[in-house]
Each structure stands twice: as structure tokens, then as C-alpha cells.
Amino acid sequence: MNKNPNKTTRRFSTAVLAAGVAGMVLAGGVVTSVVPSFAEPVSVQPTGVNPGFADVVEKVSPAVVSVRVKEQIKPASDDGSDAESPFDNLPPNHPLRRFFEFGNPGMQGSPDGRQAPRRSPRQGMAQGSGFFISDDGYLVTNNHVVEGGSDYTVVLDDGTELKAELIGTDSRTDLALLKVEGGNRKFTYVDFADDSKVRVGEWVVAVGNPFGLGGSVTAGIVSARGRDIGAGPYDDFIQIDAAVNRGNSGGPAFNLEGQVIGVNTAIFSPSGGSVGIAFAIPASTAKTVIQSLRENGNVQRGWLGVQIAPVTQDIAEALGLNAEEGAIVTLPDTDTPAVKAGIQTGDVITAVNGQTVKGPRELARKVAEYRPGTTIDVKVWRNGEARDIKVELGNLSSLDEASNTSGNRNVPVNPSSLRGYGLTLTPSDQGDGVVITEVDPDSEAANRGVSAGDTIVAVNGSSVKSQREVEDAIKKASTSGRKAALFQLRSGDQNRFVALPISGS
């Protein structure tokens, strides 16, 4: 997605597995399918041994749109921490200030030293992609495309611009649902594929709005499945090598039948452009989340209330398990559904409702099939034997609200100095990023190679130019259920990524 200021497709690095397990609310329990429309979705029947992509593109392109989002960009704070230029931090009577006023009375000060009015909020514009899932105007995009938006415009394949309404968002899976009104117009739409049948090596076609250019098509193959990139507690991405760039966020990845196998949402890119490593939210995840957003406007989630870790070979041998499968409970929180039901520290969760749990991510996804208040059967391994425990899932939404009202205790104390990470920051002289001036040698940041002189360019894919923007990005990560914040660091002309655990996680 293109932004001014830049708000790019999220970038990643391996991150600590999100602690805690939550389930996605699906009205009535397990979700079946999106509400059908009267018209038929796109369907393409490949012909010949090597049909190419033209037939697919011709059919699906009218269903893919560009999404434009207006947002309010907040003005600089009184202490200058959100200044857009390093010169905004100069004292009002500093002799250099007169060279940076440009005759604008709204700047920070004036040549005579008097303080001028603060900047007024101004409009920014973000651009991303999306696609219709019904003929009456419902369309899917990424949450990070619409986040912070105040006005939404959808640009169709033929150039028609339509106003859109935001129906709902889900930050944990980075999905959002919009609705446009087309009068009597029936929109071309596409259907979700059964992504469980998608194989590594199959062709994939990505359609979207890279760099705001409008409808563009790229092709590649499925490179991998089940990728965990540290983006959230439900990571299960499909990796593709089709070129995906800024502005492709929220766009579809199609199979040769014209069905959506995934929603393009993240890239790995040291340079900001495509390097052939992109990630798509699987169609099965998108389908269930979008149905809940469509029916309820939000996605509530069940809450098991445990912290978990993978079962290693050593753990399996020590506990008498036959395989390195399951999720070991390392520290259940007090008064959680799991604790109330009798799950204890050291238990290994091996199955949910009879379905085998291979690891922590599988446990999160299996619990995600149920709504709060649902009673599930959890099989645990304890003291050399298997036990069945019934657990009534709680509501993760209420936990999120409590965390927000308590000041978000997972964020380091005094985030403006990032003391919780052992970092001290100052705005960059170039106005791009935040310079690390000091690193506590005993901190986790130092252990992971962060050093004084490094510049923080972005946090969790969002560009930062001030200490406050760093703080806000960490708070968003914590609120979204992440247990680590992904820092993009620049040293000289080299970029690298470092994941730092959120304090208190």
C-alpha cells in the first residue's frame, strides 16, 4: 500500500511465538461458508497443457479494485516529538530557524523568536488493493490498508470511483471488510478456494494496485505453506514468489480457476520493493473472518488463557511422550478458563475435541474455530498419562478492553525513552527514522545486536520519524496480540530486522 506518509506493506522477521491462545468467534460455532449471492462468482476452466494466464486475468480483473483511504495526520506535539523536520526542534529564537520558515506562519516559530501557531491536522492518502466477494458490493482488503482512515474510495477496473463504508476490521488477521453501494449495479466478484488443496509449486496470479499504478498482474508459484512470520497469533501464511509490492496489500492471489487462494498482506523486502518473497492470508482464514465481520461487524474470540511452547525432543523424552507434538503449558495466568478447568503448568495439550495438536500454532487455529462460551474437550498429558478436561472458553475481547483501559501494561514504562528496551532515542538529522543514541549493554536489544548509531526506520512495517510514533507502533503490536515488536534498523546503507519482545510479555 502506498501512503503519504509512507505506510507500507508489512515487513517481517522471525519473531517470538505469541503467548496465549485465542479462538475466533464464528456465530454458531464452526463457520461453513460466506452468505451466497444471487449471481455466480467467476469461474475459469483452463484449456490445453499450458493455458497461460490471459483467460484468468480477463475474468477476474473486474472483481479487483484499488482502495484509497483518507486519514488525518496529527500535527506536531507541543514538545516537538512529532516534528516532521529535525529543524522543528530548534528553539524559537535559534539563528538557523529563519532559514527553514519558508514564509509560513504555521511553522514552529518565527525569525523574531515568537512562537507561531501549531500546525493544523492535514489529510494523508493511503492506497491499497481489494476484491469483491459478492455482487452487492462487499469487498475484502487488509486492516492495515484502512487503519486510521476517515474516508474510503474504491476505484473499479473501468475507472469508476465509488464511496465505500467500513463494515469491520480484524487486526489479528489483518483483514477488513468494505461495502460499496452501486444502485442496481451487480459487481463481478470472486470466490474463495479450498486452500487445503493448494500445493507448493502450483501457479498463482496476483492482481492489485502496486505503487498506485492501478490494476497490475504478476504471476509466480506457491513457494511454501504454513509460514509463521511473527505477524500475529494466527500466522499460517502461504508464501508466493509473484511480484507483490507496496499497494498490493489486500489484493487477491488467484489459482488458475480464478479462485482466491489467499489475500496478499506482507512481503520480505530489505529495499521496499519485491524480492520474490510475499505472504498471503489463506483463503480459509479470510473466509471465516470475513463472514463474521459481515454478520456481526467484528470478530470476537474465545480465550483459553494459557501460555504455551513447543514440545522439543528433550521435553518429549522427559515426559514420556512418543512424539514431539503438542503444546506445553509454561505458565497459565490466574483466573483464566484453563486454570479454572484444572489445566496446570507442565501439562502438554495434545488434542482439542479429538483433533490432534501438533504444536502451539495448530492449537491456536483449532481453538479459533469456536466462539466464547463454547465448551471444548482438551486432552492433556500429565504425569505419564492422558487426561480429558472440559474447558468453557472465555472472551478475549473483554481481556483486550481491560488491557487498554489499564494503560496497556505490556508496553515498556516511559516508551518515549524506550527504557524497557534499554534504548535512548533522538530524531534523525535527515528527518527519516529515529536514531538510537544509547543502548543498555545488559538489555535484550543489546543481546540481539542493536547498537548506538543504528536508525529505527520502521516498527512492525510502519515508518517512524519520532519517539512517539515508535511508542504508538509498539502499543498497536501489543493490542493486536503480538508478543514482539519488529524493528527495521538501518546502519549506513544496510537494512536489517530485529524482533524485540514486548516488555511484560
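- Nearest approach of Ala126 to Val145, heavy atoms of both residues: CB-O, 4.2 Å.
- Not counting sequence neighbours, Tyr152 has no partner by the ring-ring contact (aromatic ring centres under 6.0 Å, His included) test.
- Aromatic ring pairs are classed by plane angle as parallel below 30°, tilted from 30° to 60° and perpendicular above 60°; the pair Phe187 and Phe132 is parallel.
- With respect to Lys475 and Glu471, a salt bridge is recorded, a charged nitrogen being found less than 4.0 Å from a carboxylate O.
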* To do: Could you walk me through whether Asp347 and Arg387 pass salt bridge (charged side-chain N to carboxylate O under 4.0 Å, His left out), step by step?
  => CA-CA 10 Å; Asp347 286 349; Arg387 304 187 183 192; over 6 Å; no

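- When all heavy atoms of Glu325 and Val311 are compared, the pair lying nearest together is O-CG2, 3.5 Å.
- Ala176 and Ile290 make their closest contact through O-CD1, 3.9 Å (heavy atoms, listed as atom of the first residue, atom of the second, distance).
- Residues Ile240 and Ser223 come closest through the heavy atom pair C-OG, 3.7 Å.
- Atoms CD1 and CG, on Ile343 and Leu304 in that order, are 5.5 Å from each other to the nearest 0.5 Å.
- Using a cut-off of 4.0 Å between Lys/Arg side-chain N and Asp/Glu carboxylate O, Asp151 and Lys163 are scored as salt-bridged.
- Contact of the Val155 side chain with the Val65 side chain is not registered, since no non-hydrogen atoms from C-beta on lie closer than 4.5 Å.
- Glu161 has a carboxylate O that lies under 4.0 Å from a charged side-chain N of Arg68, or vice versa, which qualifies the two as a salt bridge.
- A donor-acceptor pair shorter than 3.5 Å can be found between the side chains of Asp174 and Thr265.
- Asp136 and Tyr189 form no side-chain donor-acceptor contact under 3.5 Å, judged by distance and modelled atom types alone.
- Using a 4.0 Å cut-off between a side-chain N of Lys or Arg and a carboxylate O of Asp or Glu, Lys287 and Asp195 do not qualify as a salt bridge.
- Of all heavy-atom pairs between Thr285 and Thr288, the closest is O-OG1, 2.9 Å.
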* Give the C-alpha distance, both sets of side-chain angles, the deciding distance and a yes or no for side-chain contact (heavy atoms from CB on, under 4.5 Å) between Asp241 and Ile277. => CA-CA 5 Å; Asp241 72 347; Ile277 303 177; over 6 Å; no

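- With 3.5 Å as the limit, one finds no donor-acceptor pair spanning the side chains of Ser129 and Asn248.
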* To do: Test salt bridge (charged side-chain N to carboxylate O under 4.0 Å, His left out) on Lys390 and Glu392 and set out the steps.
  => CA-CA 7 Å; Lys390 292 187 179 296; Glu392 182 179 346; over 6 Å; no

